[in-house]
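One structure below.
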Amino acid sequence: MATSVRMSVTVYGVHKSAEVEPRLLLVHFLRETLGLTGTHIGCDTSSCGACTVHLDGEAVKSCTVLAVQADGGAVTTIEGMAQEDSLHPLQEAFWEHHALQCGYCTPGMIMAAADLLERTPRPTEAQVREGLAGNLCRCTGYNNIVGAVLAAAEHGRRGAARRPASTTPT
Ligand code: FES
Ligand code: FES
């Protein structure tokens with residue numbers, strides 16, 4: 001039996017600490033240890049992007065990262081994107097542009113798109129398509145997703161609304 005190790009992360013500003021097995025994947029840590037089930041598992045083989053989160057400001061597929069690799073880091077999941085009384089601009093744009101059907105891919109799409117717009121605030125359509133190439137959608141045909149990301153960029157609604165880190169321990 002693997003020996004557990006203590007690790008901690010800051011999840012949208014809140015300090016979280018837990019004992020985990022060294023082999024535990026970050027996506028399972030988020031979903032099962034922290035109960036943040038907004039991050040989805042589509043393939044577990046790094047193909048679909050449904051598990052995309054931000055780790056220290058970069059989009060990562062959380063099924064490709066061990067939880068202990070995030071020790072001491074800052075994680076943002078889809079649960080941390082909306083503000084108290086309003087959706088994140090990308091969430092609004094996905095809603096307005098009908099950029100989802102079943103919604104399974106949507107959390108990962110939004111986290112990948114937020115990272116894209118953080119790095120490239122005014123992307124071309126080709127840059128959006130390239131930026132989301134690691135995220136698969138089985139429903140929409142992608143056009144509305146690309147349109148939503150372009151609309152968010154056009155309105156200056158880039159995904160810069162990441163929560164400032166706080167040091168509140170739990
Ligand atoms: Fe991580 Fe598919 S579940 S890429
Ligand atoms: Fe169903 Fe993308 S909306 S997989």
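Because the structure is a prediction, the values reported are computed rather than measured. Counting convention: from 1, in listed order, for ligands and their atoms alike.
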Distance-only donor-acceptor pairs under 3.5 Å for side chains of residues 26-41, two or more places apart:
| from | atom 1 | to | atom 2 | distance (Å) |
| --- | --- | --- | --- | --- |
| R31 | NH1 | T37 | O | 3.1 |
| R31 | NH1 | T39 | O | 2.9 |
| H40 | ND1 | Y104 | O | 2.7 |

Ignoring hydrogens and angles, tell me if any N or O in the side chain of E92 forms a donor-acceptor pair with the backbone of P89 under 3.5 Å.
-> no
Under 2.8 Å from atom 1 (Fe) of ligand 1, which protein N/O/S atoms are there?
-> C51 SG, C63 SG
Taking it one step at a time, do L25 and T64 satisfy side-chain contact (heavy atoms from CB on, under 4.5 Å)?
-> CA-CA 7 Å; L25 295 174; T64 68; over 6 Å; no
Non-hydrogen side-chain atoms of D71 and V9 separated by less than 4.5 Å = no
If we only count heavy atoms from C-beta on, is the T77 to M111 side-chain gap below 4.5 Å?
-> no
Give every donor-acceptor pair under 3.5 Å between a side-chain atom in residues 128-150 and any protein atom, sequence neighbours left out.
| from | atom 1 | to | atom 2 | distance (Å) |
| --- | --- | --- | --- | --- |
| R129 | NE | E125 | OE2 | 3.0 |
| R129 | NH2 | E125 | OE2 | 3.2 |
| R129 | NH2 | N143 | OD1 | 2.8 |
| N135 | ND2 | G49 | O | 3.1 |
| N135 | ND2 | G108 | O | 3.2 |
| T140 | OG1 | Y142 | N | 3.0 |
| Y142 | OH | C137 | N | 2.9 |
| Y142 | OH | C137 | O | 3.3 |
| N144 | ND2 | H97 | O | 3.2 |
| N144 | ND2 | H98 | O | 3.1 |

Main-chain N/O of A151 paired to E154 side chain as donor or acceptor, under 3.5 Å = no
By residue and atom, what protein N/O/S atoms are less than 2.8 Å from atom 2 (Fe) of ligand 2?
-> C105 SG, C137 SG
Nearest 0.5 Å please: distance from the CG atom of L87 over to the CD1 atom of I110.
-> 8.5 Å
With a 4.5 Å limit on heavy-atom distance, are the side chains of V68 and V20 in contact?
-> yes
